[in-house]
Undergrad: 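Sharing a structure below in structure tokens format, with a few things to ask.
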Amino acid sequence: MTTQKHFSHVNGKMLVEDIPLSDIAKQVGTPFYCYSNTAISENYKDYQQAFSTVLPDQDTLICYAVKANGNQAVLSTLAKLGSGADVVSIGEIRRARAAGIPANKIVYSGVAKVEPEIEYALNEGIFQFNVESEPELELISQVAVRLNKEAAIAFRINPDVCANTHAKISTGKAENKFGVPISKARIAYNRAASLPNIKVQGVDVHIGSQLTKLAPFEEAYKRIAQLIIDLRSDGHNISVVDIGGGLGITYNDEVIPSKKEYASIAKKQLGHLNCKIIIEPGRSLLGNAGILVASVVYVKTGEERQFLILDAGMNDMIRPSMYEAHHEILAVDQSQTALKAYDVVGPVCETGDTFAKARQVHESKSGDLIAIMSCGAYGAVMASTYNTRMLAPEIMVKGSDFAVVRARPNYDEIINADSVPSWV
């Protein structure tokens, strides 16, 4: 069972920091996402402290993986703490810049960068392109020549290491679409060095998300360290190593290595290379800093089981449907009721709209509030308006204050986004 700091039951009622969730629900309605500003800040500072303690003389840059949660309040919180950004689209660059993250702290990943995105990134002056393929490298060079700018690059290297995570979020095996195979890396770097307006400066690796063991990191970093030595012997000035993100969180009963242990692996395998180290945490900063709050619409007794039907669905939070992901589910009010087994489901017209089966939850009735835990990462950011359902608003709390940091759209806004041609 996971525990989320700053989300706790006091006298049977769930609070986020100092505010009862029921108070927020009365004002904004359900479903809604709720983030703890303090939890986000503490998670970031834990990374800072871990790396500064383990690698005190190392130049380290934390680049938050914007894909995990792109809300501007989240990005602004991290920007003020000194965070950079790992982005995968021009939209994420724009988000990061709008939140105050300096361009020289932005690394640009992603397998399908197109010319306007590359041009925008170059004009902004980002720190580094994490190049995923040789055709992408050629395009970056062409755009840089046209703009008379220098593009600093690192190749994302696929080290063929099994991350021991869900197949859909494993990115470092030979069969995955990401990066350049390590067996072809020296050829790719030699080609990069021959192209105009390209500055070869780094090596990048990211083997997957929600890793719960250090061994895959250690094996990947060991292979990358040898590659850096080989590249330097080829004449390349490798001064940056981007070690990706991937450190997991506790959703259920996973035991996660500490950030200090993670930093120690980086030091052991890479510390002797005197490279600037970039880390790209996403889930481990936001995952347990947020929850999804829903109301019980109906309690339905089926032939073999009871269903807790919520007003939140797979369009709001797709991880259980897409990844068979486990999220703890708690009654917001636990002051009186006993536990009972429910299938916890949503209102969407899909059998896959299921958050949990036979889950023990405090006995609930229509109108009761339910908290789906550990939803701060890959929750709201992956939501949709499927079934023409309004997106859940996002709330941020700090101490006894809360604010709506993304409002719930109304139906007119959703419908009027469409247009009907004159010939229909």
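For this chain, numbers begin at 1 and follow the sequence in order.
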Undergrad: Hey, does the side chain of Gln210 reach the backbone of Ile249 with a donor-acceptor pair shorter than 3.5 angstrom?
TA: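 The answer is yes, because a donor-acceptor pair under 3.5 Å joins these two groups.
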
Undergrad: Pairing donors with acceptors under 3.5 angstrom, does anything connect the side chains of Tyr386 and Glu350?
TA: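 The answer is yes; a qualifying pair exists.
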
Undergrad: Are the side chains of Arg389 and Thr385 in contact, using a 4.5 Å heavy-atom criterion?
TA: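 SC-SC contact between Thr385 and Arg389 ruled out.
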
Undergrad: Who pairs with Ser183 by side-chain hydrogen bond (donor to acceptor under 3.5 Å, both in side chains), at least two apart in sequence or on another chain?
TA: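 Counting only residues at least two positions away or on another chain, Ser183 forms no side-chain hydrogen bond (donor to acceptor under 3.5 Å, both in side chains).
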
Undergrad: Indicate whether any N or O donor in one side chain lies under 3.5 Å from an N or O acceptor in the other, for Tyr35 and Asn69.
TA: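 Distance-only check passes for Tyr35 and Asn69.
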
Undergrad: Might you point out which heavy atoms bring Ala383 and Asp316 nearest each other, and give the distance in Å?
TA: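 Smallest interatomic distance, heavy atoms only, reads CB-O, 3.7 Å.
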
Undergrad: Walk me through it: do Ile291 and Ile372 pass the test side chain to side chain contact (heavy atoms under 4.5 Å, CB included)?
TA: CA-CA 6 Å; Ile291 62 174; Ile372 302 175; over 6 Å; no

Undergrad: Which residue pairs pass the side-chain hydrogen bond (donor to acceptor under 3.5 Å, both in side chains) test when at least one of the two sits in residues 12-24, sequence neighbours left out?
TA: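 Of all non-adjacent pairs touching residues 12-24, those that pass side-chain hydrogen bond (donor to acceptor under 3.5 Å, both in side chains) are Glu17-Ser36, Glu17-Thr38.
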
Undergrad: Any luck finding a side-chain donor-acceptor pair between Asp86 and Ser109 under 3.5 Å?
TA: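 There is such a pair (donor and acceptor under 3.5 Å, judged by atom type) between the side chains of Asp86 and Ser109.
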
Undergrad: Using salt bridge (charged side-chain N to carboxylate O under 4.0 Å, His left out), reason through Arg223 and Asp160 one step at a time and then give a plain yes or no.
TA: CA-CA 10 Å; Arg223 296 183 188 187; Asp160 195 21; 5.2 Å; no

Undergrad: Is Arg146 paired with Glu115 through a side-chain N to carboxylate O contact shorter than 4.0 Å?
TA: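 A salt bridge is present here (some side-chain N lies under 4.0 Å from a carboxylate O).
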
Undergrad: Could you list all the side-chain hydrogen bond (donor to acceptor under 3.5 Å, both in side chains) pairs where at least one residue sits in residues 408-424, not counting sequence neighbours?
TA: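 Every candidate side-chain hydrogen bond (donor to acceptor under 3.5 Å, both in side chains) pair involving residues 408-424 fails, so no pair, neighbours aside, qualifies.
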
Undergrad: Below 4.0 angstrom, N of the basic side chain to O of the carboxylate: do Lys365 and Asp368 qualify?
TA: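 Yes.
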
Undergrad: Apply side chain to side chain contact (heavy atoms under 4.5 Å, CB included) to residues Val381 and Lys67 and explain how you reach the verdict.
TA: CA-CA 7 Å; Val381 76; Lys67 61 183 175 288; over 6 Å; no

Undergrad: With the threshold set at 4.0 Å, does a side-chain nitrogen-carboxylate oxygen contact exist between Glu124 and Arg97?
TA: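 Yes.
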
Undergrad: Counting only heavy atoms not in Lys259 (residues, nucleotides, ligands), do more than 12 fall under 6.0 Å from its NZ?
TA: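 Yes, NZ of Lys259 has more than 12 neighbouring heavy atoms, counting only those of other groups under 6.0 Å.
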
Undergrad: For the pair Tyr44 (side chain) and Ser83 (backbone), establish whether a donor and an acceptor sit closer than 3.5 Å, ignoring hydrogens and angles.
TA: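 Flag set: sc Tyr44 to bb Ser83 pair under 3.5 Å.
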
Undergrad: Ser364 vs Leu308, test: side chain to side chain contact (heavy atoms under 4.5 Å, CB included). Steps then yes/no.
TA: CA-CA 8 Å; Ser364 301; Leu308 211 56; 3.9 Å; yes

Undergrad: If only side-chain N and O atoms count, and only distance matters, is there a donor-acceptor pair under 3.5 Å linking Asn315 with Ser384?
TA: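 Checked: Ser384/Asn315 side chains show no N/O donor-acceptor pair below 3.5 Å.
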
Undergrad: Would a line drawn from the ring center of Phe355 to the ring center of His327 be shorter than 6.0 Å?
TA: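 No, the ring of Phe355 stays outside the 6.0 Å limit from the ring of His327, centre to centre.
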
Undergrad: Going by distance alone, is a donor N or O of one side chain under 3.5 Å from an acceptor N or O of the other, for Asn197 and Glu150?
TA: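 No pair is found: no donor N or O on one side chain lies under 3.5 Å from an acceptor on the other.
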
Undergrad: Just say parallel, tilted or perpendicular for the rings of Phe51 and Tyr262, cut-offs at 30° and 60°.
TA: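 Phe51 vs Tyr262 ring planes: perpendicular.
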
Undergrad: Where the side chain of Glu136 meets the backbone of Glu132, is there a donor-acceptor pair that is under 3.5 Å apart?
TA: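 The answer is yes, because a donor-acceptor pair under 3.5 Å joins these two groups.
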
Undergrad: List in chain and number order the residues that pass side-chain hydrogen bond (donor to acceptor under 3.5 Å, both in side chains) with Gln72, two or more places apart in sequence or in another chain; answer none if no residue qualifies.
TA: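 If we apply the side-chain hydrogen bond (donor to acceptor under 3.5 Å, both in side chains) test to Gln72, skipping adjacent residues, the hits are Arg95.
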
Undergrad: Looking only at side-chain N and O atoms, does Asp242 offer a donor or acceptor that is under 3.5 Å from a partner on His206?
TA: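 Checked: His206/Asp242 side chains show no N/O donor-acceptor pair below 3.5 Å.
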
Undergrad: Examine distances only and state if a side-chain atom of Ser258 and a backbone atom of Ile256 form a donor-acceptor pair shorter than 3.5 Å.
TA: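 No, because the side chain of Ser258 does not come within donor-acceptor range (under 3.5 Å) of the backbone of Ile256.
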
Undergrad: In chain order, what residues pass the side-chain hydrogen bond (donor to acceptor under 3.5 Å, both in side chains) check against Tyr189, with sequence neighbours excluded?
TA: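 With neighbours one apart ignored, the set is empty.
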
Undergrad: What residues form a side-chain hydrogen bond (donor to acceptor under 3.5 Å, both in side chains) with Tyr33, not counting sequence neighbours?
TA: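 Testing Tyr33 for side-chain hydrogen bond (donor to acceptor under 3.5 Å, both in side chains), a comparison that skips the adjacent residues, returns none.
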
Undergrad: Say whether Gln306 and Lys340, considering side chains only, have a donor N or O and an acceptor N or O under 3.5 Å apart.
TA: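 Per modelled atom types, Gln306 and Lys340 side chains form a pair under 3.5 Å.
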
Undergrad: Do the side-chain N and O atoms of Arg359 and His326 include a donor-acceptor pair separated by under 3.5 angstrom?
TA: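 Yes, side-chain donor-acceptor contact under 3.5 Å.
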
Undergrad: Are Asp343 and Arg305 ion-paired here, with the side-chain N under 4.0 Å from a carboxylate O?
TA: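 A salt bridge links Asp343 with Arg305.
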
Undergrad: Is there a donor-acceptor pair under 3.5 Å between the side chain of Gln4 and the backbone N or O of Asn288?
TA: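 Side chain of Gln4 to backbone of Asn288, a donor-acceptor pair under 3.5 Å: yes, one is there.
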
Undergrad: What is the distance from atom CG of Leu270 to atom CD of Gln58, rounded to the nearest 0.5 Å?
TA: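 Here the interatomic distance stands at 8.5 Å.
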
Undergrad: Under 3.5 Å, is there a donor-acceptor pair between the Glu254 and Thr212 side chains?
TA: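 Result is no, nothing qualifies.
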
Undergrad: Cut-off 3.5 Å, side chains only: do Glu42 and His6 have a donor facing an acceptor?
TA: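 Per modelled atom types, Glu42 and His6 side chains form a pair under 3.5 Å.
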
Undergrad: When you compare the side chains of Ser284 and Tyr47, does any donor N or O come within less than 3.5 Å of an acceptor on the partner?
TA: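 Yes - a donor-acceptor pair under 3.5 Å links their side chains.
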
